[in-house]
Amino acid sequence: MSEDVIFTPLKWRNIEIKNRLLRSNISGRFDNEDGSLTQTRINWECRFARGGVGAILSSFVPVQMEGRIVAGYATIHRDDFIPLWERLGEAVHRFDCKYILQLSHSGRQMDMPGVHNQHRRAPSATGHKESLHGFLCRAMSGHEVERTVEAFARGAWRAREAGLDGVELHAANGYLFTQFLSSAINDRGDRYGGSLMNRARFLLEVIEAIRDRVGPDFHLQVKISAVDHNDVLPWEGKGNSLADTVQVCRWAETAGADALHVSLGSLFPHPLNPPGDFPFETIVSTYDAMLSAGVDTFRNYLLFRYPALRWIFRWLWFRHRRGREVEGIGLDEARAIRAAVNIPVISTGGYQRASLVREAITSGACDAVSSARALIANPDMPRQWQAGHDAPENPCTFCNKCLLNAPKNPLGCYELERFGGDHERMLETLMAIYETRPELQLPPVPSSRETQAHTP
């Protein structure tokens, strides 16, 4: 019997992973307000490492507090966080699983600013508000761009010092790199705007700065949207085409990228990422957490809240999906990029059927796939594939309740049907990662001399 291509190692230039399935970047609010990570995050990541994936891509990890996408998510903006990330890496490595830190910056797509960024306009490539929620922003100065380039380089250095296996630049799905890359968003008149080369300059400078800081032997990959599909709202421009992105990928390879992770869409969430259902009853209960973040959020809430208005949003959202399968939705775009570069390509897009993954890899469309929702539903999906199942016995339904619960509730599967209608069993699964049983520490009491020294 020939070896299953899914379970053959994938050799990158600097690291090797044991199989061709990666846990894609996804996260909940597991961490501390200051950006330090917690035992809960370690428990979360080890759930997937134990399940058998070859590598884990972390959730988006900001390199600056001013680029934080959601408060309560871990960051890599401080040197004293290095030991925390080192501890997480050690935990994941016990399962023969690699850990790749996704370096990010929200730009204008700052969903929940938190106290650090409250009432501030987020730095971006543009001064025009984000299109879906109406997040306000301001165009970065050239000096700010340079400072942000350095922040990414420092973030990569911290990841290397922590003993992690590599970094991924989140240049997809509407975050800061996308805001520079996209012809529909970037309206700058300086060296970072205008031509495709100018729009790609920020990303390429970050790649080069990381290489200067950590050298050629530390794994560096780029997640990129193959096509912007920026016209979720019909009056918006469509943005970068596949041909544009193919050229950017070639430049990224030349600049020092070791792999490419191919996605779709100019914002997140997007009808094509993650594709699937849009559960209005769920978002009605959680969207209020974002109401104060954007100037268009109340409009959206009304569309979500009232059944008579939902058809408007449903039409806008689902018209993009017409004729496209949920699973492997971006595979054709990954295939085009794979044909144009000489480095491995990862395709993301709801993969949970082993037969589709085998076909994707053997046909040359990609070298590996990444998945998140299917693994949230079945963290042991690789082991089920190895046991001969084409898909998990209790598969993900792509209901997207996990995503739309995330702003307020623990991240996990909320599809009650998958738990046989047993709400308590669903809660037990959701709460499993919070069983940290920490030892409560008592802060030290100052001495009388210290108390007197601080008395006015």
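Below, each value reflects all heavy atoms present in this structure, side chains not excepted, and no hydrogens, waters or symmetry copies. As the structure is a computational prediction, the values presented were derived from the model and not from experiment.
Closest approach of Met65 and Asn117 over heavy atoms only: O-ND2, 2.7 Å. Here the shortest heavy-atom pairing between Gly350 and Arg373 reads CA-NH2, 4.1 Å. Shown here for Cys97 and Ala55, the closest heavy-atom pair between the two residues is SG-CA, 3.8 Å. When all heavy atoms are compared, the tightest approach of Thr178 to Ala171 is OG1-O, 3.4 Å. Nearest heavy-atom pair across Gly114 and Glu33 is CA-OE2, 4.4 Å. Nearest heavy-atom pair, Tyr414 versus Gly412, reported as atom, atom and distance to 0.1 Å: CD1-O, 3.2 Å.
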Working for side chain to side chain contact (heavy atoms under 4.5 Å, CB included), residues Leu264 and Arg324: CA-CA 13 Å; Leu264 293 169; Arg324 302 186 72 151; 3.9 Å; yes
Ser36/Arg78 under side chain to side chain donor-acceptor pair (under 3.5 Å): CA gap, chis, key distance, verdict: CA-CA 9 Å; Ser36 57; Arg78 285 166 44 178; over 6 Å; no
Side chain to side chain contact (heavy atoms under 4.5 Å, CB included) assessment of Asp277 paired with Phe398: CA-CA 6 Å; Asp277 200 4; Phe398 303 114; over 6 Å; no
Criterion side chain to side chain contact (heavy atoms under 4.5 Å, CB included) on Ile185 and Arg108, from CA distance to verdict: CA-CA 11 Å; Ile185 300 172; Arg108 69 179 188 175; 3.7 Å; yes
Side chain to side chain donor-acceptor pair (under 3.5 Å) between Thr397 and Glu415, intermediate numbers included: CA-CA 8 Å; Thr397 64; Glu415 181 62 286; 2.9 Å; yes
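Note that the CD1 atom of Ile42 and the CD1 atom of Ile433 stand 12.0 Å from one another [nearest 0.5 Å]. Taking CG from Leu331 and OG from Ser363, the interatomic distance works out to 6.5 Å, rounded to the nearest 0.5 Å.
Looking at Arg68, its side chain never comes within 3.5 Å of a backbone N or O of Met112 through a donor-acceptor pair. In this structure, the side chain of Asn394 engages the main chain of Arg418 through a donor-acceptor pair within 3.5 Å. In this structure a side-chain-to-backbone donor-acceptor pair under 3.5 Å is present from Arg20 to Pro9.
Here Phe280 and Phe278 bring their ring centres to under 6.0 angstrom of each other.
Dense packing is recorded around CD of Glu90, with more than 12 heavy atoms of other residues, nucleotides or ligands lying under 6.0 Å away. Within a 6.0 Å radius of CD in Glu325, no more than 12 heavy atoms belonging to other residues, nucleotides or ligands are found. Other residues, nucleotides and ligands place more than 12 heavy atoms under 6.0 Å from the CZ atom of Arg321.
Ion pairing of Asp79 with Arg158 is present here, as a side-chain N (NZ or NE/NH1/NH2) and a carboxylate O approach within less than 4.0 Å. Between Arg310 and Glu281 there is a salt bridge, with a side-chain nitrogen of the basic residue lying less than 4.0 Å from a carboxylate oxygen of the acidic one. Salt-bridge formation is not detected for the pair Glu16/Lys98: no Lys NZ or Arg NE/NH1/NH2 atom is positioned less than 4.0 Å from an Asp or Glu carboxylate oxygen. Using a cutoff of 4.0 Å between basic side-chain nitrogens and carboxylate oxygens, Asp258 and Arg211 are scored as salt-bridged.
In summary, the side chains of Ser355 and Asp390 do present a donor paired with an acceptor at a separation below 3.5 Å, with no hydrogens or angles considered. For the residue pair His105 and Thr148, no side-chain donor N or O sits within less than 3.5 Å of a side-chain acceptor on the partner. Between the side chains of Ser241 and Asp244, at least one donor-acceptor pair of N or O atoms lies under 3.5 Å. Side-chain contact of Asp111 with His133: a donor-acceptor pair under 3.5 Å is absent, judged by distance alone.
In summary, of the residues considered (Tyr175, Phe268, Phe177), a ring pair (Phe, Tyr, Trp, His ring centres under 6.0 Å) with His170 occurs for Tyr175 alone.
For the pair Arg213/Phe218, no side-chain contact is recorded, criterion being any heavy-atom separation below 4.5 Å from C-beta on.
Both the sub-6.0 Å distance and the 45° axial angle are satisfied by Arg23 relative to the ring of Phe48. Judged by the 6.0 Å distance and 45° axis criteria, Arg154 is positioned over the aromatic ring of Trp157.
Relative ring orientation between Trp385 and Phe7 is described as perpendicular, the plane-to-plane angle rising above 60° on a 0-90° scale split at 30° and 60°. In this pair, Trp317 and His270 present their aromatic rings tilted. The plane angle is within the 30 to 60° band.
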